[in-house]
Engineer: 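Mind having a look at this structure? Questions to follow.
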Amino acid sequence: MQNALSDNRIILLTSSLSYRARAFLEAARRLGLEVVQGLDMPPPLADYWQPTLPVDFKEPPRAAQDIFNFAAQKPVRAVIPVDDGATVIAALASELLDLSHNSSEAAYAARNKHRMRELLSAAGVPSPRFRPFQVGDDPATIAAEVNYPCVVKPLMLSASQGVIRANNPAEFEQAFRRTAGIVKASGGESDESHDCTHVLVEDFIPGFEVALEGILTEGRLKTLALFDKPDPLDGPFFEETIYVTPSRLPPPVQEAIFHCTAQACRALGLREGPVHAELRVNEQGPWVVEVAGRSIGGLCSNILRFGTSMSLEELILRQAVGMEIESLNREERAGGVMMIPIPGAGLLKCVEGLEQAQAVPGIEEIEITAKLDNRIMPLPEGSSYLGFIFARGETPQVVEAALREAHRHLRFTIVPEIYLARR
């Protein structure tokens, strides 16, 4: 089904709680695109979010058919997934609509960590050894079968939720039970029952982490930004904090990271659209942690500008609908973001020090996304942050120092859950 080139309508697949929707909506407005939000919610609720198309993210085939039926009456130029949960649906819908897209198999492989590991291993892409287990398996038995240190992780959850390192059998038993509980509590976010009944155990890869933000066109990868992660991510949980670009790594190391990411994209079958890759680097070179068929999460894209002033979301939309892209080159100034970690579970009651933090030279904006009097939860059970700090400067070192200084000024009052339970 080909859409008329004169049509400027797109479908943006998202949830009402997504961090990312606002940036895509603003980019679409700047480009003069009409947006229909494909929201993950029951049809009766969608009436309050016009113009919307209700879709059930837990049933991708039916959701894709609903999108196809909608587009049969109102043609669309592209179906854009905002977050991980919509990438398979967007691929299935694009297949039905004959739009440029990743295959549904590739989109699924970039979502399911077990399938990803299978394909990476088969293609010889550097990645850890792995084994899947059922959530009901006896961890004491498994503990004697795995290598240490290892990492236990869910197959489908994002943002390091449920990801735990274990250094010995005793730690493994605790980690496995905890991750299995998180997987079961998630309620199963996929129509594939296997995805919500299994966990993955893989070797821990030592080294430092980086993130590559890229975009694919007919299988060709272009790096948009390479982020250093200056804080060590060695466990037991893997809460990310600071991203800084451009990378301070030597050019040969950056080139190796790019080629490893491109090799991983080919192994998974990804060919079109944004890519966000996480890699660990050690003396043996880069190793793929994961490759997602979507752009960077949270509000982190706020620090990326291309050409004269194009946002990452505008760049993605331009590619999706076939508009001209003036430049894929990022601005010359360094940029960075801190994802503010959650120090403990409870109710967020107060945020102090914002004025002092915002006054730090180089800080452009601080956005506290956690709501006052709402329950917050750190990793591994949680999957969000207190907020984001954004900075720009002449060098990556200056940006990193500004982010750390601003964070030092912030103070969060959290009423612990144990106190709430006693009231």
Side-chain angles (χ1 to χ4, degrees), residues 1-29 31-112 156 158 188-192 195 216 269-275 292-295 313 316-323:
M1 173 181 175
Q2 294 288 342
N3 294 315
L5 293 179
S6 59
D7 206 303
N8 70 343
R9 186 181 298 112
I10 64 171
I11 293 177
L12 199 64
L13 294 178
T14 183
S15 76
S16 59
L17 301 178
S18 173
Y19 284 125
R20 305 294 319 285
R22 183 178 65 185
F24 275 99
L25 290 170
E26 291 175 353
R29 178 183 52 79
L31 294 174
L33 298 174
E34 177 189 343
V35 176
V36 175
Q37 292 192 69
L39 281 175
D40 180 20
M41 61 172 54
L45 290 179
D47 292 338
Y48 297 95
W49 296 77
Q50 295 294 340
T52 61
L53 170 65
V55 290
D56 187 349
F57 281 18
K58 291 182 179 178
E59 297 195 29
R62 189 175 75 179
Q65 186 62 50
D66 289 341
I67 293 169
F68 177 83
N69 294 341
F70 174 89
Q73 302 299 319
K74 298 182 177 180
V76 299
R77 293 281 294 277
V79 181
I80 311 292
V82 171
D83 301 304
D84 281 315
T87 53
V88 174
I89 297 170
L92 288 168
S94 296
E95 287 174 355
L96 294 174
L97 294 167
D98 194 22
L99 299 172
S100 177
H101 63 285
N102 289 312
S103 71
S104 55
E105 293 85 0
Y108 177 75
R111 283 280 289 131
N112 183 290
M156 300 287 279
S158 304
E189 58 178 5
S190 165
D191 66 330
E192 298 288 342
D195 299 337
L216 287 161
L270 295 172
R271 293 185 51 80
E272 297 291 339
V275 168
R294 44 85 179 163
S295 55
E313 291 77 18
I316 292 169
L317 293 181
R318 281 181 176 274
Q319 188 212 35
V321 301
M323 289 184 176

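These numbers come from a predicted model, not from an experiment.
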Engineer: Working to the nearest 0.5 angstrom, can you tell me the gap between R318 CZ and I316 CD1?
Structural biologist: 13.0 Å
Engineer: For the backbone of S104 and the side chain of E95, can you confirm whether one donor and one acceptor N or O come within less than 3.5 Å of each other?
Structural biologist: yes
Engineer: What is the distance from atom CG of D56 to atom CD1 of I89, rounded to the nearest 0.5 Å?
Structural biologist: 7.5 Å
Engineer: Minimum heavy-atom separation for R111 to S158, with atom names?
Structural biologist: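 The answer is NH1-OG, 4.1 Å.
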Engineer: Taking all non-hydrogen atoms of both residues into account, name the closest pair between L317 and A28 and its distance.
Structural biologist: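 Looking at all heavy atoms of both residues, the shortest contact is CD1-N, 3.6 Å.
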Engineer: On a heavy-atom basis, which atom in L99 and which in A78 lie closest, and how many Å separate them?
Structural biologist: CD1-CA, 4.0 Å
Engineer: Does the side chain of E272 come within less than 4.5 Å of S103's, by heavy atoms?
Structural biologist: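 No, every pair of side-chain atoms sits at 4.5 Å or beyond.
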Engineer: Do any N or O atoms from the side chain of N102 and from the backbone of R271 form a donor-acceptor pair under 3.5 angstrom?
Structural biologist: yes
Engineer: In Å, rounded to the nearest 0.5 Å, how long is the span from CG of L39 to CG of L53?
Structural biologist: 8.5 Å
Engineer: Looking at L96 and A64, what are the two nearest heavy atoms and their distance?
Structural biologist: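 Minimum heavy-atom contact is CD1-O, 3.8 Å.
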Engineer: Looking at E313 and R22, would you say the former's side chain and the latter's main chain have a donor-acceptor pair under 3.5 Å?
Structural biologist: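 Here the side-chain-to-backbone pair does not exist.
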Engineer: Under 3.5 Å, side chain of R77 to main-chain N/O of A320, donor-acceptor pair present?
Structural biologist: no
Engineer: To the nearest 0.5 Å, what is the distance between CG on D66 and CZ on R62?
Structural biologist: 6.5 Å
Engineer: What's the shortest heavy-atom distance between T87 and G293, and which atoms?
Structural biologist: CG2-O, 3.6 Å
Engineer: If you round to the nearest 0.5 Å, how far is CD of Q37 from CD1 of I10?
Structural biologist: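 Result: 10.0 Å between the selected atoms.
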Engineer: I11 vs V55, test: side-chain contact (heavy atoms from CB on, under 4.5 Å). Steps then yes/no.
Structural biologist: CA-CA 11 Å; I11 293 177; V55 290; over 6 Å; no
Engineer: Report the residues that fulfil side chain to side chain contact (heavy atoms under 4.5 Å, CB included) with S18, sequence neighbours left out, ordered by chain and then residue number.
Structural biologist: T14, S15, R20, V82, D83
Engineer: Quick check for you: to the nearest 0.5 Å, what is the distance between Y108 atom OH and L92 atom CG?
Structural biologist: 12.0 Å
Engineer: Give the intermediate values and the outcome of side-chain contact (heavy atoms from CB on, under 4.5 Å) for residues H101 and V79.
Structural biologist: CA-CA 9 Å; H101 63 285; V79 181; over 6 Å; no
Engineer: Give me the atom names and distance for the closest heavy-atom approach of S295 to F24.
Structural biologist: OG-CZ, 4.1 Å
